[in-house]
Amino acid sequence: MQFGIENLKKILLAVFVLIYTLFEIFESKFKWMKLLKLLNVVKEIPRVVASAPFIDQELDDLSTEEHKELIGFIAERFELDNDKSEEAIEAALMWMVATGNAVEKFKELGVFSKKKKHKAVHVSG
């Protein structure tokens, strides 16, 4: 099965929107509308996680032209035209790969097993 660049674009867009929305929320005062926006973005996470096993392989299979197409897709979508936009998009790509690797490792450990019950972890700062 080939995952394809169009699916990769959709996943990268979801990741980039998540990062962008989190940044927006953390850089401004709390507003309920921003929280609602985040909830809309969070619903994309299962799709990203489900795609995780395919992301690394698809990135490895990209031609130079497809790589430029992927970068251009996000740069255009977010109106990024400075020299650092490619670095930001590359960082989002690496985040996708790291997410894929983490999901695979957790699967190997049986973390996602429905038979296991996991205690909630609360982080306070």
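Under the 3.5 Å distance criterion, with hydrogens and angles disregarded, no donor-acceptor pair is assigned to the side chains of Glu86 and His67.
To the nearest 0.5 angstrom, Ile5 atom CD1 is 6.5 Å from Leu8 atom CG. Rounding to the nearest 0.5 angstrom, the gap separating the CG atom in Leu13 from the CG atom in Leu70 is 10.5 Å. Note that the CD atom of Glu6 and the CD atom of Glu69 stand 6.0 Å from one another [nearest 0.5 Å].
Remark: side-chain polar atoms of Glu76 are not paired, donor with acceptor, to backbone N or O of Phe73 under 3.5 angstrom.
Smallest separation of non-hydrogen atoms from Ala75 and Ile89: N-CD1, 3.7 Å. A pairwise comparison of heavy atoms in Ala88 and Phe16 identifies O-CE1, 4.0 Å as the closest pair. Of all heavy-atom pairs between Val15 and Ala92, the closest is CG1-O, 4.1 Å.
Ionic pairing of Lys68 and Glu65 is not present here: no N-O contact between side-chain nitrogen and carboxylate oxygen is shorter than 4.0 angstrom.
At least one side-chain heavy atom of Glu58 sits less than 4.5 Å from a side-chain heavy atom of Leu62. The side-chain heavy atoms of Ile71 and Glu90, taken from C-beta on, include a pair separated by under 4.5 Å.
The number of heavy atoms from other shown groups lying within 6.0 Å of NZ (Lys10) does not exceed 12.
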